[in-house]
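Not measured: the values here are computed from a predicted model. Position 1 is the first residue of the sequence, and the numbers go up from there.
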Amino acid sequence: MDKIKNVLDIGTGTGIWAIDFGDAYPDTEVTGTDISPIQETWVPPNVRFELEDANLNWTYKDGSQDYIHVRNMLGTIADWPKFYRDAFRVCKPGGWMEHHEEEAEWHAYDKEIPDHSAMGQAKQVFSAGGKKFGRTFNIITEDIQRQCMEAAGFVDIVVKDFEVPIGNWSKDPKQAELGFWAKRILETDLSGFVNYMWGAVMGWSPEEIQIYLAHLRNQMREPMQTWYPHRVVYGRKPE
């Protein structure tokens, strides 16, 4: 960590990752970017936030960043190869990029999730909606992280896949806690996840959306060991 001085957090959202990183490593300069100014104003002195659309040309100097962090950008990027080329350009030689992604897809260890069910329809609708407005939600399925990182010029690429539990059904205490919060987040933001894609993009009526959400909530209450995929890919820019 002594070599890391400048850190860029793309799609910072609320800024919680950038704030935590800045707290943990006070000798670094952390910049979080997003298209929405929803971040905290009370932050560590080494953390700042900037309005920046990652779909446009990145404004940071070539070779200026030691570490580039990206997470949960599914459905937001129109041109992933360009995104990675920009990341490679601003990454310092010897620096690293790390990209976390998920997919809107439910799996279960203990039972089959039918394609026609509310859970089964989620991936279908997100996939169709992503194609319709040109921003894919199938980042893991399409292997975008690894392929685009490699094409941009990064080396020593590592891919790690995780199965994130939904609910506290796991016998492992850490996984049970993770699953509890994953399900809590889904339940809290369910309407937000669904309304735009189902309504504005796919043309469902408000009544159809509410019926779908009711079926989805009912299915989420069923006792089953559900999980969703999470992939981490990181690589280094050659010196």
Side-chain angles (χ1 to χ4, degrees), residues 11-17 20 34 36 38 40 70-77 99-133 135-145 160-233:
T12 194
T14 62
I16 188 170
W17 184 92
D20 286 348
D34 207 284
S36 300
I38 59 173
E40 296 285 343
V70 184
R71 62 174 178 156
N72 296 357
M73 297 290 280
L74 68 168
T76 66
I77 301 300
H99 186 173
H100 294 242
E101 281 300 343
E102 300 165 348
E103 277 194 11
E105 180 178 14
W106 272 277
H107 299 267
Y109 292 116
D110 54 345
K111 66 170 61 176
E112 182 181 352
I113 297 178
D115 290 341
H116 64 270
S117 69
M119 284 184 178
Q121 288 179 20
K123 183 177 177 65
Q124 300 171 44
V125 175
F126 275 114
S127 296
K131 289 180 180 178
K132 193 170 183 179
F133 77 115
R135 302 187 181 195
T136 185
F137 284 81
N138 299 326
I139 295 174
I140 298 176
T141 300
E142 297 173 17
D143 198 22
I144 284 174
Q145 295 150 280
K160 293 187 177 182
D161 287 309
F162 300 92
E163 297 173 355
V164 181
I166 305 172
N168 61 349
W169 49 262
S170 177
K171 294 180 180 179
D172 179 270
K174 186 175 181 179
Q175 291 295 305
E177 183 180 7
L178 175 63
F180 171 83
W181 288 111
K183 187 174 183 179
R184 184 70 178 271
I185 290 169
L186 278 172
E187 290 175 336
T188 302
D189 296 337
L190 208 54
S191 294
F193 290 138
V194 166
N195 279 330
Y196 179 77
M197 181 61 71
W198 269 244
V201 177
M202 299 303 292
W204 289 33
S205 70
E207 293 76 17
E208 289 173 324
I209 293 173
Q210 290 308 309
I211 291 171
Y212 171 78
L213 285 170
H215 284 297
L216 184 55
R217 291 188 178 101
N218 285 336
Q219 193 174 11
M220 288 179 67
R221 295 189 188 103
E222 294 179 13
M224 55 178 163
Q225 298 177 3
T226 51
W227 59 274
Y228 65 85
H230 181 105
R231 174 172 288 181
V232 182
V233 181

- Query: Should the pair Trp227 and His107 be assigned to parallel (<30°), tilted (30 to 60°) or perpendicular (>60°) ring geometry?
  - Reply: parallel
- Query: Quick check: are there more than 12 heavy atoms from other residues, nucleotides or ligands sitting under 6.0 Å from CZ of Arg184?
  - Reply: no
- Do you know the tightest heavy-atom contact between Tyr228 and Glu105? CB-O, 3.4 Å
- Report the distance from atom NE2 of His99 to atom CD1 of Ile139, rounding to the nearest 0.5 Å. 5.0 Å
- Message: Would the distance check show the side chain of Tyr212 and the main-chain N or O of Ala118 forming a donor-acceptor pair, the cut-off being under 3.5 Å?
- Response: yes
- Message: When you compare the side chain of Leu178 with that of Pro165, does any pair of heavy atoms fall below 4.5 Å?
- Response: yes
- Within-4.5 Å side-chain heavy-atom neighbours: Met220 and Leu186: yes
- Item | Gap between atom CG of Asn218 and atom CG of Leu213 - 0.5 Å precision | 11.0 Å
- Query: Considering the options Glu177, Gln175, Gln225, which one meets the side chain to side chain contact (heavy atoms under 4.5 Å, CB included) requirement together with Ser170?
  - Reply: Gln175
- Query: Does CD belonging to Gln124 count more than 12 external heavy atoms closer than 6.0 Å?
  - Reply: yes
- May I have the step-by-step check of side-chain contact (heavy atoms from CB on, under 4.5 Å) for Met197 and Phe133, ending in yes or no? CA-CA 10 Å; Met197 181 61 71; Phe133 77 115; 3.5 Å; yes
- Query: Quick one: do Lys123 and Glu103 make a salt bridge, cutoff under 4.0 Å?
  - Reply: yes
- Message: For the backbone of Met73 and the side chain of Glu101, can you confirm whether one donor and one acceptor N or O come within less than 3.5 Å of each other?
- Response: yes
- Query: Hey, what do you get for CG (Leu216) to CD1 (Ile211), rounding to the nearest 0.5 Å?
  - Reply: 13.5 Å
- Item | Nearest-0.5 Å distance, CH2 of residue Trp17 to CG of residue Asn72 | 13.0 Å
- Crowding at CD1, Ile38 (>12 non-hydrogen neighbours, <6.0 Å): yes
- To the nearest 0.5 Å, what is the distance between CZ (Phe137) and NZ (Lys131)? 13.5 Å
- Query: Does some side-chain heavy atom of Val232 sit less than 4.5 Å from a side-chain heavy atom of His230?
  - Reply: yes
- Proximity of Trp198 and Phe126 rings by center, below 6.0 Å: yes
- For the pair Trp204 (side chain) and Val201 (backbone), establish whether a donor and an acceptor sit closer than 3.5 Å, ignoring hydrogens and angles. no
- Message: Are there over 12 heavy-atom neighbours, none belonging to Lys111, within less than 6.0 Å of that residue's NZ?
- Response: yes
- Message: What I'd like to find out is whether the side chain of Val125 reaches to under 4.5 Å of the side chain of Met202, using heavy atoms alone.
- Response: yes
- Please report the C-alpha distance between Thr136 and Glu142 in whole Å, then the side-chain angles of each, then the deciding distance to 0.1 Å, and finally whether the side-chain hydrogen bond (donor to acceptor under 3.5 Å, both in side chains) criterion is met. CA-CA 9 Å; Thr136 185; Glu142 297 173 17; 3.0 Å; yes
- Output yes when a side-chain donor or acceptor of Ser117 lies under 3.5 Å from a complementary backbone atom of Pro114, and no otherwise. yes
- Quick one: closest heavy-atom pair of Asn138 and Ser127, and the distance? ND2-OG, 3.0 Å
- Verify side-chain contact (heavy atoms from CB on, under 4.5 Å) between Met119 and Met224, making sure each step is shown before the conclusion. CA-CA 12 Å; Met119 284 184 178; Met224 55 178 163; 3.6 Å; yes
- Query: Step by step, would you call Thr12 with Asp34 a side-chain hydrogen bond (donor to acceptor under 3.5 Å, both in side chains)?
  - Reply: CA-CA 6 Å; Thr12 194; Asp34 207 284; over 6 Å; no
- Query: Would you call Arg231 and Asp143 a salt bridge, using N to O less than 4.0 angstrom?
  - Reply: yes
- Show your reasoning for whether side-chain contact (heavy atoms from CB on, under 4.5 Å) applies to Ile77 and Arg135. CA-CA 6 Å; Ile77 301 300; Arg135 302 187 181 195; over 6 Å; no
- Task: Please answer whether the main-chain N or O of Phe180 pairs with a side-chain N or O of Asn168 as donor and acceptor at a distance below 3.5 Å.
- Result: no
- Check whether any side-chain N or O of Arg71 sits under 3.5 Å from a backbone N or O of His100 as a donor-acceptor pair, and report yes or no. no
- Between Thr226 and Ile166, is there a donor-acceptor pair closer than 3.5 Å when you use the side chain of the first and the backbone of the second? yes
- Task: Please round to the nearest 0.5 Å and tell me the distance separating atom CD of Gln121 and atom CD of Gln219.
- Result: 9.0 Å
